[in-house]
Number of protein chains: 2
Amino acid sequence: MTTKTSAAVCIDGWSGDLDTCPVRQVLDRIGDRWSLLLLLTLKDAPHRFNALGRAIPDISRRMLAGTLKTLEADGLIWRSVEATTPPSVTYGLTARGLSLIMALGPLVEWAFAQAPAILADRRRAGGAVSGVAIAP
Amino acid sequence: MTTKTSAAVCIDGWSGDLDTCPVRQVLDRIGDRWSLLLLLTLKDAPHRFNALGRAIPDISRRMLAGTLKTLEADGLIWRSVEATTPPSVTYGLTARGLSLIMALGPLVEWAFAQAPAILADRRRAGGAVSGVAIAP
DNA sequence: CTGGATCCACCAGGATACTG
DNA sequence: CAGTATCCTGGTGGATCCAG
């Protein structure tokens with residue numbers, strides 16, 4: 001979502017730049033490799049920096065720090081620093097972050113319900129499409 | 001989502017590979033630059049190939065063709081070929097594609113409702129986080 | 001322990017040209 | 001009209017080293 005665009009459509013009649021469409025911006029954020037995963041990890045309980053790293057073993061420290069910063073800038077998570085030595089930083093969900101997770105609920109259910117069928121279709125891709133058409 | 005992972009967490013206690021998590025797969029698909037846009041364009045009515053290109057001016061033919069193929073392989077859209085000369089190919093939503101759009105509804109509403117506040121927070125990023133914390 | 005800074009590999013995706 | 005093939009660039013993100 002870095003390229004300049006000039007499309008006049010997006011969603012629900014959104015008629016501005018593609019890059020200013022709210023839905024696009026949200027998907028750009030949670031659609032990346034780590035944001036959603038972090039949000040869902042923090043849903044259960046606040047975590048410290050390295051605890052998050054352990055909960056998501058394959059994230060690099062760079063992406064962990066960067067993604068957390070972005071999520072905080074968006075007000076989706078909070079960050080609390082204990083000025084001890086060594087320092088201890090804790091992250092947790094904000095109300096806004098929680099509301100996002102709630103809004104994701106139906107999508108999550110859909111994903112779990114449809115995943116097997118989609119994977120089956122994808123496997124025999126190239127053949128006829130199996131989905132029932134809305135229009136002929 | 002091309003990198004091999006071995007994480008043991010994902011969503012709702014999903015305990016397989018990150019890459020096999022249904023929600024990750026769905027987000028990988030609709031989170032890309034064009035899929036959701038195409039789905040929403042097709043929601044209103046079926047479109048022909050070049051009509052889609054005109055509805056979304058800044059998509060390249062390569063990405064248009066590629067994204068359509070993937071969406072079809074996942075059974076989210078159907079593809080109908082008229083063997084005329086010149087050929088005419090029409091795309092439209094399947095029932096599954098429509099159900100995905102429905103599942104996206106709450107997220108879309110959330111995005112529109114939260115976008116202004118998020119952008120405001122993002123602008124003065126670096127300052128204190130404004131979201132109300134769930135936990136202190 | 002919690003990051004920032006830097007270097008670099010990889011690949012998604014745009015431009016262009018060509019085919020059925 | 002509806003794609004496919006090829007080349008090439010720029011951004012994403014991993015690895016590594018450094019700092020508070």
Side-chain angles (χ1 to χ4, degrees), chain A residues 1-7 18-19 24 27-38 42 46-73 77-92 125-126, chain B residues 1-7 18-19 24 27-38 41-42 46-73 77-92 125-126 129:
Chain A
M1 196 54 71
T2 52
T3 317
K4 282 290 162 255
T5 67
S6 58
L18 233 57
D19 294 345
R24 297 294 300 175
L27 286 177
D28 275 354
R29 182 57 37 88
I30 66 166
D32 72 10
R33 191 162 176 68
W34 306 116
S35 292
L36 180 56
L37 218 41
L38 282 172
L42 291 176
H47 284 66
R48 292 181 44 182
F49 187 84
N50 277 351
L52 287 169
R54 262 172 277 123
I56 307 173
D58 48 349
I59 191 175
S60 66
R61 287 215 305 293
R62 192 175 93 93
M63 290 314 296
L64 181 53
T67 306
L68 286 171
K69 182 185 278 188
T70 308
L71 290 174
E72 187 200 2
I77 64 175
W78 49 261
R79 177 176 182 270
S80 166
V81 183
E82 296 271 329
T84 57
T85 52
S88 160
V89 182
T90 307
Y91 296 89
Chain B
M1 197 54 71
T2 52
T3 317
K4 283 288 162 255
T5 65
S6 59
L18 232 59
D19 294 346
R24 297 294 300 175
L27 286 177
D28 275 354
R29 182 56 39 86
I30 66 166
D32 72 11
R33 192 163 177 68
W34 306 116
S35 293
L36 181 55
L37 219 42
L38 283 172
T41 303
L42 292 176
H47 284 65
R48 292 178 47 180
F49 187 85
N50 278 350
L52 286 170
R54 262 173 275 121
I56 307 173
D58 48 350
I59 191 175
S60 65
R61 287 219 302 295
R62 194 175 91 92
M63 290 316 295
L64 180 53
T67 307
L68 286 171
K69 184 183 281 187
T70 309
L71 290 174
E72 187 199 3
I77 65 176
W78 50 261
R79 177 176 183 272
S80 164
V81 183
E82 296 271 329
T84 57
T85 51
S88 160
V89 182
T90 307
Y91 295 88
V129 175

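All of these numbers come straight from a predicted model, not from anything done at the bench. Sequence lines set the chain letters: A, B, ... in the order given, protein chains first and strands last, and positions in each chain run from 1.
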Query raised in the report: What are the two closest non-hydrogen atoms of A:P57 and A:A55, and how far apart are they?
Result: CD-O, 3.4 Å

Between [X] and [N], is there a contact of a side-chain N or O with OP1 or OP2 at under 4.0 Å?
{"X": "A:R48", "N": "C:dT2", "result": "yes"}
{"X": "A:R79", "N": "C:dG3", "result": "yes"}
{"X": "A:R61", "N": "C:dA5", "result": "no"}

From the set [options], return the single nucleotide nearest to any side-chain atom of [X].
{"X": "A:V89", "options": "D:dG3, C:dG3, C:dG13", "answer": "C:dG3"}
{"X": "B:F49", "options": "D:dA2, C:dG13, C:dC1", "answer": "D:dA2"}
{"X": "B:R33", "options": "D:dA2, C:dG13, D:dG13", "answer": "C:dG13"}

Between [N] ([atom2]) and [X] ([atom1]): distance, integer Å:
{"X": "A:N50", "N": "C:dG3", "atom1": "CG", "atom2": "P", "result": "9 Å"}
{"X": "A:E72", "N": "C:dG3", "atom1": "CD", "atom2": "P", "result": "9 Å"}
{"X": "A:I59", "N": "D:dG13", "atom1": "CD1", "atom2": "P", "result": "10 Å"}
{"X": "A:E82", "N": "C:dG3", "atom1": "CD", "atom2": "P", "result": "13 Å"}
{"X": "B:I77", "N": "D:dA2", "atom1": "CD1", "atom2": "P", "result": "14 Å"}
{"X": "A:I56", "N": "D:dG14", "atom1": "CD1", "atom2": "C1'", "result": "16 Å"}
{"X": "A:L38", "N": "C:dG3", "atom1": "CG", "atom2": "P", "result": "13 Å"}

Query raised in the report: For DNA chain C, what residues of residues 62-71 of chain B have any heavy atom nearer than 4.0 Å?
Result: B:R62, B:M63

Query raised in the report: At how many degrees, to 10°, do the end axes of the helix from C:dC1-D:dG20 to C:dG20-D:dC1 meet when each uses five pairs?
Result: 40°

Query raised in the report: Taking for each residue the nucleotide of DNA chain D with the nearest heavy atom, is it B:Y91 or A:D32 whose nucleotide lies nearer the 5' end?
Result: B:Y91

Can you tell me how far apart [atom1] ([X]) and [atom2] ([Y]) are? Round to the nearest 0.5 Å.
{"X": "A:I56", "Y": "A:L38", "atom1": "CD1", "atom2": "CG", "value": "4.0 Å"}
{"X": "A:W34", "Y": "A:L68", "atom1": "CH2", "atom2": "CG", "value": "12.0 Å"}
{"X": "B:L37", "Y": "A:L27", "atom1": "CG", "atom2": "CG", "value": "10.5 Å"}
{"X": "A:R62", "Y": "A:T67", "atom1": "CZ", "atom2": "OG1", "value": "9.5 Å"}

**Report entry** B:I77/B:R79 under side chain to side chain contact (heavy atoms under 4.5 Å, CB included): CA gap, chis, key distance, verdict
**Finding:** CA-CA 7 Å; B:I77 65 176; B:R79 177 176 183 272; over 6 Å; no

Query raised in the report: Does A:S35 reach the main-chain N or O of A:R29 with its side chain, forming a donor-acceptor pair under 3.5 Å?
Result: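 Yes: the side chain of A:S35 pairs with the backbone of A:R29.
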
Query - Under 3.5 Å: donor-acceptor pair, side chain of A:R24, backbone of B:R33 - result: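 Flag set: sc A:R24 to bb B:R33 pair under 3.5 Å.
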
Query raised in the report: Are A:L42 and A:L52 close enough that some pair of their side-chain heavy atoms sits under 4.5 Å apart?
Result: yes

